[in-house]
K.L.:
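One structure follows; several queries about it will come next.
FYI, side chains are in, hydrogens and waters are out, and symmetry mates aren't considered; it's all heavy atoms of this structure.
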Amino acid sequence: MSTPPPNPYSGAPVPPGPHPGAPAGPNPYGQPPAGANPYAQQPGPGQYPYAQQPGPGGHPAPGHPAPGYPAPGHPQQPQHPQYAAPYPYPYPHAQAPGCRQCGAPETANFAVRAHVGVLILMRFHTLNGPFCRRCARSLIRTMTTKTLCQGWWSPFSLVIFTPFTLLWNLFAAMKYAKLPQPTPAPGRQPLEEGPPVHARPPAYVAIVPLLWATWVAVNIFLDVSGRR
């Protein structure tokens, strides 16, 4: 019959050495060597086998570079091929210089606008450049037609914002007309110019508010003249 192990809470001294019933073999929970940090992270591939030691004033000591710099005798590991090649521009989200639509280098940086006014509600649309000649002409025709059709149905739009938008697009058309024919980037196509504004039926909706504004102006002039 085997002897039960001694009870450590009984007050009796526990004899040294292995006790009956104790597991044989090395203890998997043994203490680490003296002076070793049990929580220290082992260096991985491309990492330095020693930590940065602060020098006088808190600066890195000689021979211990700051994190992110290769250590003497430890050249920097090659990067993954996916990240090794540098971006063609300073930032990944930066666009290439050229037309926003087709990438042609012959561009001008001038915005194209449209305005919609309905009673007390108004909306302002702006497309910022740069654009090439062909893409800008397509946008100017589309947004000018939209303004002529939907930009007169508010008092402020009729007097201020719609005339301003039409004049702005006129200057934009003159500016982009001075550009040479574009050369689109490989794999990209410019916008279709489409018919001119006077060949688009929605543009003639502007005749209705213009006739009404003319009738109001003539009546005001006749009323003022009659009082004199």
K.L.:
Specify the closest pair of heavy atoms between C102 and C132, including all atoms of both residues, with the distance to one decimal.
P.N.:
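That would be SG-SG, 3.6 Å.
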K.L.:
For the residue pair T165 and W168, establish whether any side-chain heavy-atom pair is separated by less than 4.5 Å.
P.N.:
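The answer is no; the side chains never approach within 4.5 Å.
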K.L.:
Identify whether L166 and L170 are in the same connected component of the hydrophobic contact network (ILVMFWY, side-chain heavy atoms under 4.5 Å).
P.N.:
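Shared cluster, no.
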K.L.:
Under a 4.5 Å side-chain heavy-atom rule over Ile, Leu, Val, Met, Phe, Trp and Tyr, are F164 and L127 clustered together?
P.N.:
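F164 and L127: one cluster.
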K.L.:
For R200, does its backbone N or O pair with a side-chain atom of R141 as donor and acceptor, under 3.5 Å?
P.N.:
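Such a contact is absent between R141 side chain and R200 backbone.
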K.L.:
Between atom CE of M122 and atom OG1 of T162, what is the distance when rounded to the nearest 0.5 Å?
P.N.:
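With rounding to 0.5 Å, CE (M122) is 9.5 Å from OG1 (T162).
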K.L.:
Measure across S157 and H115 and return the closest heavy-atom pair with its distance rounded to 0.1 Å.
P.N.:
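Closest pair (atom of S157, atom of H115, distance): OG-NE2, 2.6 Å.
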K.L.:
Can you list every ring-ring contact (aromatic ring centres under 6.0 Å, His included) pair that touches residues 134-158, not counting sequence neighbours?
P.N.:
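Every pair satisfying ring-ring contact (aromatic ring centres under 6.0 Å, His included) with a residue in residues 134-158: there are none.
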K.L.:
Would you list the pairs meeting ring-ring contact (aromatic ring centres under 6.0 Å, His included) in which at least one residue belongs to residues 179-224, sequence neighbours left out?
P.N.:
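Every candidate ring-ring contact (aromatic ring centres under 6.0 Å, His included) pair involving residues 179-224 fails, so no pair, neighbours aside, qualifies.
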K.L.:
Any link between L210 and V216 through a network of hydrophobic side chains (Ile, Leu, Val, Met, Phe, Trp, Tyr) touching at under 4.5 Å?
P.N.:
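Yes, one cluster joins them.
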K.L.:
Any donor-acceptor pair under 3.5 Å linking the side chain of S154 with the backbone of G117?
P.N.:
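Here the side-chain-to-backbone pair does not exist.
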K.L.:
Do you know the tightest heavy-atom contact between R188 and R100?
P.N.:
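That closest heavy-atom pairing would be NH2-O, 3.1 Å.
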K.L.:
Just how far is it from atom OG1 of T142 to atom CD of E192, taken to the nearest 0.5 Å?
P.N.:
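Rounded to the nearest 0.5 Å, the OG1-CD separation comes to 11.0 Å.
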K.L.:
Nearest 0.5 Å please: distance from the CD1 atom of I140 over to the CD atom of E193.
P.N.:
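With rounding to 0.5 Å, CD1 (I140) is 10.5 Å from CD (E193).
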K.L.:
Of all heavy-atom pairs between R133 and A177, which one has the smallest distance, and what is that distance?
P.N.:
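Of all heavy-atom pairs spanning R133 and A177, the closest is CZ-O, 3.9 Å.
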K.L.:
Please tabulate, one pair per line, all N/O donor-acceptor pairs under 3.5 Å involving side-chain atoms of residues 106-114, not counting sequence neighbours.
P.N.:
unit_1	atom_1	unit_2	atom_2	d
E106	OE1	T183	N	3.1
E106	OE2	T183	OG1	3.4
R113	NH1	T126	OG1	3.3

K.L.:
Does the side chain of V205 come within less than 4.5 Å of L148's, by heavy atoms?
P.N.:
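Of all side-chain heavy-atom pairs linking V205 with L148, none is under 4.5 Å.
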K.L.:
Would you indicate whether L222, at its atom CG, is surrounded by more than 12 heavy atoms from other residues, nucleotides or ligands within a distance under 6.0 Å?
P.N.:
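Yes, the 6.0 Å shell around CG holds more than 12 heavy atoms from other groups.
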K.L.:
CG of L191 to CZ of R137: how many Å apart, nearest 0.5 Å?
P.N.:
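Reported to 0.5 Å precision, the distance equals 13.0 Å.
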K.L.:
Any chance you could measure T144, atom OG1, to L139, atom CG, to the nearest 0.5 Å?
P.N.:
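T144 atom OG1 to L139 atom CG measures 10.0 Å (nearest 0.5 Å).
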K.L.:
Look up atom SG in C99 and atom CZ in R134, then write down how far apart they are to the nearest 0.5 Å.
P.N.:
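Rounded to the nearest 0.5 Å, the SG-CZ separation comes out at 11.0 Å.
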K.L.:
Report yes or no: do V116 and M143 belong to one cluster of Ile/Leu/Val/Met/Phe/Trp/Tyr joined by side chain heavy-atom distances under 4.5 Å?
P.N.:
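No.
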